[in-house]
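Notes follow once the structure below has been shown.
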Amino acid sequence: MEEYTIKINGIEVTAPKGTTILQAARKAGITIPTLCYLKEINEIGACRICVVEVKGARGLCAACVYPIAPNMEVFTHSPKVVEYRKRTLELLLSDHNCSCLSCVRSGECELQTLCREYGVESETAFEGEKNPSELDESAVHMVRDNSKCILCRRCVAACEKTQGIGVIGANERGFATHISSAFEMGLGETSCVSCGQCIAVCPTGALYEKSCIDDVFKAINDPTKYVVVQTAPAVRAGLGEAFGLPIGTPVQGKLAAALRRLGFDKVFDTNFGADLTIMEEANEFIERVQNGGKLPIITSCSPGWVKFCEHYYPEFTENLSSCKSPQQMQGAITKSYFAEKMGIDPKSIVSVSVMPCTAKKFEIGRDDQSGAGLPDMDYTMTTRELARMIKRAGIRFLDLPDEDFDHPLGSGTGAAVIFGATGGVMEAALRTAVEKLTGETLERPDFQEVRGTDGIKEATYNVAGMDVNICVASGLKNAAKVLDMVKSGEKNYHFIEIMACPGGCVNGGGQPQVPASVRNFVDIRAERAKVLYGYDAANTLRKSHENPDIIELYENYLGKPGSHKAHELLHTSYVKRTVNKQF
Amino acid sequence: MAAIGSIVGSGGLIVMDEDNCMVDIAKFFLKFTVDESCGKCTPCRIGTKRLLELLEKITDGKGTLEDLDKLEELCYYIKANALCGLGQTAPNPVLSTLRYFRDEYVAHVVEKRCPAGVCKHLLRFVVDKDKCIGCGMCMRNCPASAISKTDYIATGHKLPSVEIDPNKCVKCGVCMDNCRFKAISKQ
């Protein structure tokens, strides 16, 4: 590869041809600010905050997209550049709802941070007309507040390029440009799948989840309510970031301690629900293989993916596993088995979950999610919301001791905890299905082929004389590719795992937002996934069917996987939807 | 032409005289670019809009000398920072008129006067009562009913003169066009 040597602020840097000024500057130890730039999906040079002086160039150049050339001389922070960046910020503020004090993003807002860094002294350096704005609250999981939008279009890129959905885009032009859906439909009317990837990449407070913090606090403080909380695997890999810990810090023990101090009556782990899901799903897979059922079977843990399938690939809804997601299974068991065991009126139970996910807010309202005659789940909050709750309650998270989850729904195996990373559900299912099919014990239950952050992973395993073709996809654009290949007959899979978010739940739409300045240079999916594989490796139990509480649940309550009772509580059905309701 | 900073728009030639207000001309071209802006980059999307608003402030008679500096500064900022040719050239009409007709800008800002008599907010139609014979032609044609009779009767005339209510006047100039005695002028 051809290498170029250039000078950035007088420092010599050598980088391969095709490197952008932004990347080369990073190499020279210089951060150039960005707002619109997202590596690979939003390289549009639109916000102009990354402009730099290039010797000999007519105007300023956008460092995020400008490739280096031999002997180039770049000035990233000359007085002129700094002054102009400040002006860009002042212009953005002139059409921005600067109600920062009450903004959900305050303190973590990329625009706010840059204004501070560049010494913006007034929100009203430029005064003039502001764009009219109404909140779009039509979706069940999130709110769009365009008065805080800076039109970086990162959300549009996430929706269209990462997920292949594209239900949002820029409408109108010039000063009237704004992000919304086709024909100004509310997001709730479109075929948005609620994945929340748009929120995850938003630099400001323009996009945020609908919060249930107040309702949960109210339930906790209501003495007539028995409030049970469960927390998803990926939360323990992301929550620490909200408290200043580096990306990829495991915080399971502190998480349990914090939930207990918030006042939840029982602190459970969705890992239990995940183990239960594997019991049911592995059984369903074996049954479909042995009885000529619909194949490939596709996992149904990711509610964003399930909604995507219903909207865009309704012909595959029969392929979806009928298993509920771990969250919903755990909810159903909480209000049935657990309530009976403890002698609690299930009606007094308020079931809360902490999820790395915004689509869960859609999922809890789905039909056929009331196994015990009551809604399986009452509230679901994102990792971000939990961080806010912990801060509001004055809990010093970093000083907390490591505690364990409560029994009986707080135990999970290594197979369960890896649900949060792409390939994890597949690996967990294989650990159980292979042992069941062969009747032999897996000595090393590691399926390396399905690990890693690749969007599509394939493998073939010979299990009990049969070649089992499996595929793992994360990110809905990849999911669509896989389904198209299945549809055309190009691929013949038996088992497919699909997660809506790229990298799986660790990179879910409800995880703490990572500023683009970090996101563009660090693979947050891999860093967070390492946490989960670490927990898996450290666990003495690594197969779902070895979880003693799961064994007890089946022995005393459910019978066996796929039993009538199990079906009543743990399985669900799907609907066929169309793309954009209006048409 | 470019070398002397005369590029305004497309490179076509437009002949103008003292009846064209150069601030108004700049505003006209800016309106075009604000309409044509695609809305992608910040300098063009918001910058040209703010530029236009500053020009409007000046032609409305609310501008200050600081606004002229701000205007010029914003122009250079947009030229250097905009993503495409539209934004990069959008401030040219402002820069060009500021360079060659700065006195007109200053008249708008300091004297609150539009030398070419174009900017309506800075215009005033006045009646020379000694020329007015009180025929009422202007009154009948005024679309805003802003003209009424006064008590003043000039020597040699039988009818009272008229006066214009500046609060009602819409600065359309119909009264002036209809006066056969050249008794109405704009200031």
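In what follows, chains are A, B, ... by sequence order, proteins preceding strands, each numbered from 1. As the structure is a prediction and not an experimental result, all values here were calculated from the model.
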Under a 4.0 Å N-O cut-off, is there an ion pair linking Glu160(A) with Lys477(A)? no
For [X], is it the side chain, the backbone, both, or neither that has a heavy atom closer than 4.5 Å to a heavy atom of chain A?
{"X": "Arg45(B)", "result": "both"}
{"X": "Leu74(B)", "result": "side chain"}
{"X": "Lys57(B)", "result": "neither"}
{"X": "Lys49(B)", "result": "side chain"}
{"X": "Glu36(B)", "result": "both"}

Strictly distance-based, threshold 3.5 Å: is any side-chain N or O of Thr42(B) a donor or acceptor partner for the main-chain N or O of Thr88(A)? no
Donor-acceptor pair, distance only, cut-off 3.5 Å: does the side chain of Ser106(A) make one with the backbone of Leu101(A)? no
[X] portion near chain B, given a 4.5 angstrom heavy-atom threshold:
{"X": "Glu127(A)", "answer": "backbone"}
{"X": "Ile150(A)", "answer": "backbone"}
{"X": "Ala125(A)", "answer": "backbone"}

Over 12 foreign heavy atoms within 6.0 Å of CG, Asp19(B): yes
More than 12 heavy atoms of other residues, nucleotides or ligands under 6.0 Å from CG of Asp165(B): yes or no? yes
Hey, which of Arg50(B), Lys40(B), Glu53(B) has the most heavy atom pairs under 4.5 Å with chain A? Arg50(B)
Using the ring of Tyr208(A) (Phe, Tyr or Trp, six-membered ring only), decide whether Arg105(A) places NZ or CZ under 6.0 Å from its centre and within 45 degrees of its axis. no
Glu56(B) pairs by side chain to side chain contact (heavy atoms under 4.5 Å, CB included) with which of Lys62(B), His121(B), Lys27(B)? Lys27(B)
Testing Asn42(A), Leu22(A), Ile32(A) for side chain to side chain contact (heavy atoms under 4.5 Å, CB included) with Tyr37(A), which one passes? Leu22(A)
Between Ser94(A), Ala170(A), Cys61(A), the one whose heavy-atom pairs under 4.5 Å with chain B are most numerous: Ser94(A)
For chain B, the option from Leu91(A), Val51(A), Leu60(A), Thr177(A) that forms the most heavy-atom pairs under 4.5 Å: Leu91(A)
